[in-house]
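Here is the structure we will look at, set down as structure tokens.
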Amino acid sequence: MALSKIQSDSMSNAAIQSNRNLIINGAMKIHQRGNQVTAGGTSVYFLDRWNIYHNTAAAANLQQSTVVPTGQGFSNSLLVDCTTADTSVASSDAAVLRQVIEGQNLQKLAYGTSSAKSITLSFWVRSTKTGIYISNIYHADATARSQSHQYTISQADTWEYKTLTFSGDTSIAADNDNAATFYVQWGLMAGSDLSSGTLNTTWQNSTDVNRFVGQVNFFDSTSNNFYLTGVQLEIGDVATPFEHEDTGTTLRKCQRYYAKSWSQGSAVNTNPGVIGAACVGNANRAFGNVFWPVTMRTAPTVTWYSGSSGTVNKWRNASSGTDITAAAAIAGIGESGYGFVLSSGIDAITDTLQGHYQAVAEM
Amino acid sequence: MIYKKAKYLNNLQDEKFAIEVEINGVVSQVPIAADNSDYIEIMSQVEAKTLTIEEAD
């Protein structure tokens with residue numbers, strides 16, 4: 001076809017710019033850990049890359065849902081299902097859903113220069129609790145910065161599409177490293193420690209009381225459900241259509257932060273099976289290697305599980321039918337894998353040894 | 001995260017390579033790596049004297 005036949009004016013800029021979404025797993029498809037519950041005062045990961053910081057007497061089930069907006073091409077959403085209400089919000093109470101982004105993935109924003117770029121956050125949201133909600137981006141490098149915007153959920157239990165534009169920060173650069181730089185956050189509850197000031201709608205040195213001003217208390221009833229999907233954070237002042245990715249691409253991005261040896265359909269410590277094996281040198285001495293599916297963000301925290309019983313911090317000697325002491329490192333735990341040694345519970349070179357792992361390199 | 005019962009683990013060269021620790025009740029191996037968020041938090045708690053790390057067996 002002659003070049004003159006290509007209808008360039010029918011193609012939007014967005015159509016030819018792939019990999020523009022700074023959010024990983026925005027379609028909520030990857031869910032390696034399985035469903036979780038909140039625990040007061042802690043940070044809990046559930047869907048891959050998605051985390052809730054939770055400091056309240058309220059509690060919730062954190063799940064992957066199949067409730068989605070019609071006609072948008074989504075199969076899943078994230079669900080926060082309130083199971084214990086907290087109607088009396090103390091000053092330090094907070095519940096924030098968030099995704100953390102490495103600084104090296106934010107360099108294209110040109111922060112700290114006169115060319116700093118605006119970014120637009122778009123998402124589909126549905127909640128039983130109507131009212132004002134706050135989205136906040138917290139820039140966590142040496143000089144902490146913060147910008148927040150409010151959005152309104154107008155109708156209960158109805159999907160609504162929201163877009164929020166954050167101006168570029170010409171003052172402070174994003175560190176070019178693998179540490180946490182952006183916390184992209186959705187408020188669910190905010191006590192006065194986070195809400196008694198004036199909402200910071202432009203970048204400013206972070207002041208906690210200005211970050212979630214006006215935030216409604218989602219956790220005021222056990223009837224409340226909060227759904228989120230189609231999350232996209234991209235350069236520019238306008239939201240473009242959600243960039244749907246193939247599942248394999250999204251899974252590989254997620255495995256930089258979390259990997260497991262179980263099949264994707266099986267949660268950790270369920271349906272144990274054989275995945276790891278070691279080469280036995282002699283009694284009480286076996287060696288092996290596990291390579292993570294992709295190079296991880298940093299050397300991960302590793303949990304070993306018996307390959308048969310699923311017992312934590314064990315391996316399995318299938319020949320003797322007993323769980324044995326978990327593997328230790330030949331040298332160290334690496335970003336790419338783990339060379340391990342098993343030093344007890346092995347009777348003969350014919351023994352068969354089995355293990356499972358979970359490796360976590362979240363920020 | 002809640003960290004309890006921390007103890008160093010040694011590798012085959014008898015060098016410390018990780019901290020065995022209960023994280024929310026699950027025993028895990030935290031590498032001695034400055035970028036690992038569990039290691040950062042553990043050392044922060046050690047500095048604050050709210051957690052101690054036993055030497056390896």
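Naming convention: chains lettered A, B, ... in sequence-line order (proteins, then strands); numbering from 1 in each chain. When reading the values below, keep in mind they use all heavy atoms of this one structure, side chains included, and skip hydrogens, waters and symmetry mates.
- For the pair A:Asn313/B:Glu20, a side-chain contact is recorded, criterion being any heavy-atom separation below 4.5 Å from C-beta on.
- Of the possible donor and acceptor atoms, one in the side chain of B:Asn36 sits under 3.5 Å from a partner among the backbone N and O of A:Ala299.
- Here the OG1-CD1 distance, from A:Thr301 to B:Ile42, works out to 7.0 Å after rounding to the nearest 0.5 Å.
- The nearest pair of heavy atoms linking A:Thr303 to B:Val27 is CG2-O, 3.4 Å.
- For A:Ala359, no part lies near chain B; criterion is any non-hydrogen pair under 4.5 Å.
- With chain B as partner, the option from A:Ile333, A:Val341, A:Asp177, A:Val312 having the largest number of non-hydrogen pairs under 4.5 angstrom is A:Ile333.
- The nearest pair of heavy atoms linking A:Ala331 to B:Gln13 is CA-OE1, 4.0 Å.
- Proximity to chain A is limited to the side chain of B:Ile23, based on heavy atoms less than 4.5 angstrom apart.
- From A:Arg285, atom CZ reaches atom CG of B:Leu12 across 5.5 Å, with rounding to the nearest 0.5 Å.
- A heavy-atom distance below 4.5 Å is not found between the side chains of A:Val302 and B:Ser28.
- With chain B as partner, the option from A:Ala361, A:Gly334, A:Pro300, A:Ser343 having the largest number of non-hydrogen pairs under 4.5 angstrom is A:Pro300.
- In this structure, B:Glu15 contributes its side chain and A:Gly332 its backbone to no donor-acceptor pair below 3.5 Å.
- Both the backbone and the side chain of A:Ala328 have a heavy atom closer than 4.5 Å to some heavy atom of chain B.
- Taking the side chain as every heavy atom from C-beta outward, A:Thr298 and B:Tyr39 never approach each other to under 4.5 Å.
- Of the two parts of A:Tyr45, neither the backbone nor the side chain holds a non-hydrogen atom closer than 4.5 Å to a non-hydrogen atom of chain B.
- To the nearest 0.5 Å, the span separating CG on B:Asp35 from CD on A:Glu335 amounts to 7.5 Å.
- Residues A:Glu362 and B:Ser37 share a closest heavy-atom pair of O-OG, 3.0 Å.
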